[in-house]
Every structure is written in structure tokens, then in C-alpha cells.
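These values consider heavy atoms only, across backbone and side chains, with no hydrogens, waters or symmetry-generated copies. What you see is a predicted model; the values in this text were computed from it and never measured. Sequence positions, counted from 1, serve as the residue numbers for this chain.
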Amino acid sequence: MSEILDNLNSEQRVPASEIDGAILVTAGAGSGKTRMLTHRIAHLICDLNVEPYNILAITFTNKAANEMRERIEAMTPKTDGMWVSTFHAMCSKILRMYAEKLGYTKSFSIYGDNERERLIKRLLSDKNTNVTPETIDYHISNAKNHLLGPDEYAERIGYERNADLIIGIYREYEKEMKRSNALDFDDLLFKTYQLFEKYPDVAEIFQYKFKYIHVDEFQDTNEAQYKLIKILAKKHGNVFVVGDEDQCIYSWRGAEPTNVVDFTKDFAGCKVYKLEQNYRSTKKILERANTLIARNQNRLAKKLWTENGSGATVIEEVSYNDVGEAEFVAQTILSLQNEGYRFSDFAILMRVNALSRILEEKLITYGIPYKVYGGFKFFERKEIKDTVAYLRVISNPNDDDAFVRVLSFPKKGIGDVTIASIREIAQNENTSMFNIAMTGKNLSEPIKRKLEPVVRLFNELASEREKMGLYDFASLVIDKVNIKGALCDKDEKSEEDINKALNVDDFLVSVKQFDDANSGASLDDFLASITLMRDIDEMSEANNYASLMTIHAAKGLEFKCVFIVGLVEGLFPLRRAINSGDPNELEEERRLMYVAITRAKEKLYLTHPKTRFSFETKQSEYCIPSRFIKESSLDYISDLESSPVTRSKLEMNEIKTATYARAATKVNIIKGSETTNSAAQPKNYNFSDFKKGTRVRHNHFGEGEVILPVTDFTSGFVTIRFDSVGIKTLSLKYANLEIIS
């Protein structure tokens, strides 16, 4: 047996040693599926002398792809020519080689969500309709994920209201994208499929090349991705897929959980293996997960087990209201932090982002460093997208979306009317806006004069591009455009202005790192890499903060301590799934809960309030505990009255009066080096000192006056009307209050 495979357990070793034919490994959460997959690839190269050139490994995020590549390289230095990437990156690479066969140039742009949204809004702007851009976006994406052009999609939705409008916009969208030499993310898959279908000789090149195909997170594949795999595997039939239908939580994005089952039918002689040993969680946590997910019908039966200890009891915390729920989370974190846990050991998981506000306020109140995942990522920030637009136009002059950004930033005295005029002429001439601007064809003299600096700039940059490396050229562009000056050239610079300029510096750092890591890389390569970069931020051990995120964002992560909050009917599962009557929607919600539970390694808290403030009725409403608590074999309920965190009804006022600006505080909490250990430490007060009328000071809320003194000397809660943020009910144990009069 290979030494490489000897490092696997018996469950992992058997499928990893299978070489020929189709193999499906259904792998439970925390079972080491990526470890098994990477060892199999190293085994092929080192023990069976398979050329890396003949190996393809696909996963769903750049982070996962990088981790996979690093693991393989740690076992064998012989990896040159091996493709390890996401589906979209693989398709982008193929299309860069053969885009001209489909009528695009090799320097096509890749439109992200923002560019796509702007184009759809523009196409809808002259239509007298109530159809929203979101509806159009859904239909275009849905069509492409099912590999349907406008004509084919028209047959599918012909019965729907507004079908003619939807198909009409879809056709216009495709025409505009072609004219701009641009593809969106769905196109990367769809156009690659079309390329293979129209040009079998091209498909054959990759069928011969990829003798061994590997797919991680197979349960997340949509119809287009699955069909691409079937095309690529047609010649050799050696396809090794790893997935867990119990963790398929992206059906709203086109993922087909049935692909796991269909794989066994579509590939004759397919061998199926199970990985059920979990290395992550305790027995009590896995008991919850197994009991819950067993209720789903559309799955291959399996049951996770572990050699880990029984662990702590899974705790359900019932609070008076959602503010009390947040209070419990914050105080539990502080209590465990004082027992030796780091803040980075904690994750607070939500079904929906709307739950984060109150949680954030409590974390701030007690000085707990935290980070919210799912906000604006670095490359989604306006100043960065404006900077990238200049590079996109240089790379692909037909990119109208990027050119509009160029005309709008920095300010050039070119407004919407002028831009609309340039666009209209470009459409009439069937060319790009950039070409019209550079040639001046059919433009009025006033518009030509406005465009003179733009024409001069791009002529200068064009003459320098071939003389310089990627990093030096990007630096030149930023200097020539004076991007940092436009962001920060003010008599009084705000912190926001300075941060924007620093972000541009960070962008150049990213260019330098890419340039250093990819010798000889082109501008096109860099632009493709950042457009495909959609992963959540990496979490460094040096960054000691709690994580606040949706369950979708938590997929693939693990934490020692996990809070699943907002476990009430209508929030989790969502009301939509409850009312739909479709059992598949409830099954997906249950899979989400399963994913949330299996993120926990040592401690798991299931929390729900008895009441929540409703923004629809503007009053507090009673909540029904989530069915998932009972379905996961409830074995512990903390008694509300005996809980160490006793709530005051006056906490409801916090929802109505929390108006302070959190943004600057949040920046300090996340980034400030002095704040990583700034959480409130337990403090012993003489509670009787906090009488009504006593003036106090809080680190974040400033000064205030006690309006309700401590009445419960066990819990030590006091209610204060702060001068700037209104009424807050705080725990004296953790609030670090200072009496000033």
C-alpha cells in the first residue's frame, strides 16, 4: 500500500485507492473528505506516475481551491500543468483560449453582480412596466443555469405573466453583452457548454487531456456544471466526486441536490462509498445533527459517528426577548473567554442578516471584538471598482460598463446626458463607447472637448503598457488618473476619505502579490483573478475576534463554540418555506440547520426569544420555538427564571432607542490593535451605589443617568438613559461603568 494512502483512515483509504471508473463518495460533515481527495491525487502522481497535466480538480471557492493545491504540493512537488480551480475559473481559462469561436475576443471582460445589475436596470429604464430588475436577473440566471438561450427559455416560461417582456430583455441583454465583449458568471459555464456542443473537436481536446477528474462539494453543482462534468468525462470515464447532499444549501442558486443520486444512474458501474467518521464534533453535537437530518427523505442514508468524547450538553437558551437573547450570547462569550477560550473560537450563526443589529450592539456594549461576514468585500468597494475600471478598459476597450465608470470618476464635468449621448451613438454605430470617444465620430464639439483629457490619458497609457510589468503599470495608471488625490484631496479629510485612499494602496499591494506569485502574468490574468474572487475574507489566527455570519457564509468553517440564534418559526425555518407547501423547501431549511449544528466542535447553544419586536405591527409579538429544536432531539432546556442572565422588560426600549452610529466603533473593534483585548472583564461593584439619578460613563455610549436602579442583586442589571444613545439596560458585571456623580 502507498505511504501516501497509509495516512488515511480505513474509510478514506478504500475509495482513495480506487482508480478507474466513476466513484461517488458521500462524505458527512467533518469527515475529512478534502484530505481523502488530495491524498488520492498525490497517490495518482507519485505512486501511479500519472502526469499532473492529465488531472483536473474542481471545487467551489478560490479559498478551497488554494487549500487543495497547497495540500497536494505538500505531498509532491510534481504538480506542473495540473488544473486545480473553481468551475468558473476553469471555464474562464478554456474560454480565454477559444472565445473567438463564439464571437468574443480573448480579452473579454467578466461582469460581476453590480455590472450585470446596472445593465439590466438600463434595459428596463425605457419600459413601462412594474417588473423589477431582480425578477429579470433571476430569469436570466435561471435560464443560463439550465443552459437555455432566449428562444428555449421562452418555451419554458411562455405561460408566465410578463414572459414576453422577460424574454425581450434577455435578448437585449445578450446583445449588449456581446457588443461589450463581456460575459457574466453564468455565461462562463453556459458559453463553455455551447463551445463544447458546437465544436466537438474542442471538447475532445479536454476530454483527452483530463484522464482523471475530481469534483469536491459535488452536492452544490447545478445543471450546467453537472453537464460540463459529463462532457469532460466522456472519453476516459474516470470521475471521482465527493459530496454530501445533507449539506446542499444552495438550491436558490441553482444547486441540484438530486445530482448526487443521479450520478449513480448516469455513470454505469458507479461505485459508492460513505465517509461517516467525524473528526470535528463531540458525540452530543453529532447526536443532534443525526437526529435532525434523518427526517429528510431526499438523501442517501448515513449516520455520523466520532471517537471524540461526549462533550458538553447542547444548551437551549430561552430569553424574554431578542435583546435578552443577544445579552445571553455576549455574556456567555465573556464568561468562556475568561475560562481560556479566544474570541476567535466563537461563531454566532443566523438564518438571515436582519438579526445582526441587536447582536452587534451587545457585542459593542461589552467590548467584544467581532467581525461581520457578508458585508462589502474589498473588491466590491466603490473606490476599488472605480480603480479597476481603468484597467478593465485598457484590457478590453469594448467594456462599456467600465468606461462609464471611467467617465464618472474622478469628476470630469461629464454628466448623464453626455454619457447617454455617447452610448446612443455607439449603439447606432454598433461599436463601443470607448471607440466613439477616442475617434470622436459623430460627437458634438463640446463633447469632444470634454473628452480630450480622457483621449490623451488612454493614448499615453497605451504607449506605456507593453514597456512595463503588471505592478509598475498599475501604479502608473493610479498616478496618472490621480485616483488617491480625487479621494483625499480636501482641506478637511475625513476618516472615510483617508481609509478610501489606504484601500487604493492595499489594491496595489494585491497587484504586487499577484505579480510576484504569477511570473509573467498579464493584466487580463489579474483582472480575471479578482473578478472570480468571491470567497469570504480569510480568518487569520492573529485576528482574535468573534465571527457573526449567516449560516450560508459559515459553510466549510468550524468553531469551538457556536451559537445558533433566532430559532423561531418564521425565521428559521423561514415563513416562505413553511407556507409554500413544498416539502423540498423545508428539507433545505433542515439541511441549513444541519450545517449550522455541524460547525460546532465543543459547545453548541440554540437560542430563541419568547417575544420579538415586529417592524410590521410595531409591537412585541410572541414567538413559537423552531421545529428544528424539537426535531433534533431536545435534551436540555434552561429554566428562564433560574438562568444567570435575567432579563428586564425595559430592554425592549433598546430596540426603539438604539440610534448611535456604530460604523466608526466597529472599525476600531475590528482593526484597532489595542481593542483585541478590550472586552469587558468581570467587575465587582457595590450595587447600592447605582441609585436613581446617579451619573455614569460607559466606554462607547458616553455619559448617562441611572433611571432604574439595581433591583435584582443576583444579576446586577441597571437601566441608564445615555445622553447620546438613549436607554440601555446593562449588566454591571461586564459593562465597566464609571460613576462620575
Side-chain angles (χ1 to χ4, degrees), residues 249 252 285 287-297 313-329 332 348-359 362 548 550-552 554 562-597 599-600 604-643 645-656:
I249 58 175
W252 51 275
I285 291 172
E287 181 183 70
R288 286 273 184 165
N290 285 327
T291 305
L292 175 78
I293 202 62
R295 295 176 180 269
N296 273 8
Q297 301 299 311
T313 300
V314 175
I315 294 178
E316 177 195 359
E317 174 64 23
V318 187
S319 58
Y320 175 75
N321 56 26
D322 45 359
V323 180
E325 179 182 40
E327 184 81 46
F328 168 77
V329 171
T332 303
I348 307 166
L349 305 184
M350 311 165 287
R351 176 63 182 89
V352 291
N353 263 323
L355 300 181
S356 70
R357 183 181 66 84
I358 296 171
L359 289 160
K362 282 299 178 185
L548 182 59
T550 64
I551 299 168
H552 283 101
V562 169
F563 298 87
I564 308 176
V565 300
L567 282 169
V568 298
E569 292 286 289
L571 282 179
F572 198 11
L574 290 177
R575 184 174 288 108
R576 180 191 67 221
I578 296 171
N579 295 337
S580 70
D582 183 355
N584 291 326
E585 289 204 29
L586 267 177
E587 289 211 353
E588 174 129 350
E589 292 289 303
R590 195 173 287 113
R591 291 195 294 268
L592 263 174
M593 183 66 178
Y594 174 81
V595 167
I597 291 173
R599 298 312 93 197
L604 176 64
Y605 299 87
L606 312 179
T607 75
H608 63 93
K610 287 187 173 181
T611 62
R612 285 184 56 81
F613 184 80
S614 169
F615 288 93
E616 295 177 1
T617 63
K618 306 299 182 186
Q619 61 184 12
S620 181
E621 295 183 346
Y622 283 100
C623 302
I624 300 173
S626 169
R627 67 192 68 194
F628 297 150
I629 297 173
K630 187 174 182 180
E631 287 182 357
S632 63
S633 183
L634 180 64
D635 56 20
Y636 176 87
I637 302 178
S638 64
D639 185 347
L640 177 64
E641 268 56 357
S642 64
S643 171
V645 184
T646 303
R647 284 77 171 169
S648 164
K649 290 185 179 182
L650 281 175
E651 285 180 287
M652 290 299 296
N653 290 328
E654 293 188 29
I655 298 175
K656 301 176 183 178

- Item | Test item: Thr291 and Glu287 side chains (from C-beta on) under 4.5 Å apart, heavy atoms | yes
- Message: Using the salt bridge (Lys or Arg N to Asp or Glu O under 4.0 Å) criterion, which residues pair with Arg295? Sequence neighbours excluded.
- Response: none
- Item | Gap separating the CZ atom of Arg576 from the CG atom of Leu586, nearest 0.5 angstrom | 10.5 Å
- Least distance between heavy atoms, Cys623 atom then Val568 atom: CB-CG1, 3.6 Å
- Residues forming a side chain to side chain donor-acceptor pair (under 3.5 Å) with Ser626, sequence neighbours excluded: none
- Message: Is the shortest side-chain heavy-atom distance between Val595 and Leu349 below 4.5 Å?
- Response: no
- Query: Does the side chain to side chain contact (heavy atoms under 4.5 Å, CB included) test come out yes or no for Asn296 and Tyr594, once each step is laid out?
  - Reply: CA-CA 11 Å; Asn296 273 8; Tyr594 174 81; over 6 Å; no
- Item | Heavy-atom check, side chain of Ile285 versus side chain of Val314, under 4.5 Å | yes
- Would you find a donor on one side and an acceptor on the other, under 3.5 Å apart, between the side chain of Ser632 and the backbone of Arg288? no
- Note on the structure: Contacts of Arg351 meeting salt bridge (Lys or Arg N to Asp or Glu O under 4.0 Å) (sequence neighbours excluded), chain-then-number -> Glu589
- Message: Nearest 0.5 Å, please: how far is CG in Asn290 from CD1 in Ile293?
- Response: 9.5 Å
- Message: Using side-chain heavy atoms (C-beta onward) and a distance below 4.5 Å, is Phe628 in contact with Ile564?
- Response: no
- Message: Once rounded to the nearest 0.5 Å, what's the spacing between atom CZ of Arg627 and atom NZ of Lys630?
- Response: 11.5 Å
- In this structure, CG of Asp322 is separated from CG of Leu359 (nearest 0.5 Å) by 9.0 Å
- Item | Side chain Glu327, main chain Lys362, donor-acceptor under 3.5 Å | no
- Residue pair Glu316, Thr607: steps toward the side chain to side chain contact (heavy atoms under 4.5 Å, CB included) verdict: CA-CA 6 Å; Glu316 177 195 359; Thr607 75; over 6 Å; no
- Item | Flag, side chain of Glu587 to backbone of Gln297, donor-acceptor distance under 3.5 Å | yes
- Quick one: closest heavy-atom pair of Ile348 and Val329, and the distance? CD1-CG1, 3.6 Å
- Message: So does Tyr320 get a backbone contact from the side chain of Thr611, meaning a donor-acceptor N/O pair under 3.5 Å?
- Response: yes
- Message: Can you confirm whether Leu548 sits close enough to Met350 that some side-chain heavy atom of one is under 4.5 Å from a side-chain heavy atom of the other?
- Response: yes
- Item | Inter-residue atom distance Ile624.CD1 - Ile629.CD1, 0.5 Å rounding | 12.0 Å
- Note on the structure: Per side-chain contact (heavy atoms from CB on, under 4.5 Å), Phe563 is matched among Leu604, Leu606, Thr332 by Thr332
- Message: Just verifying a value: how many Å separate Met593 CE and Leu292 CG, rounded to the nearest 0.5 Å?
- Response: 6.5 Å
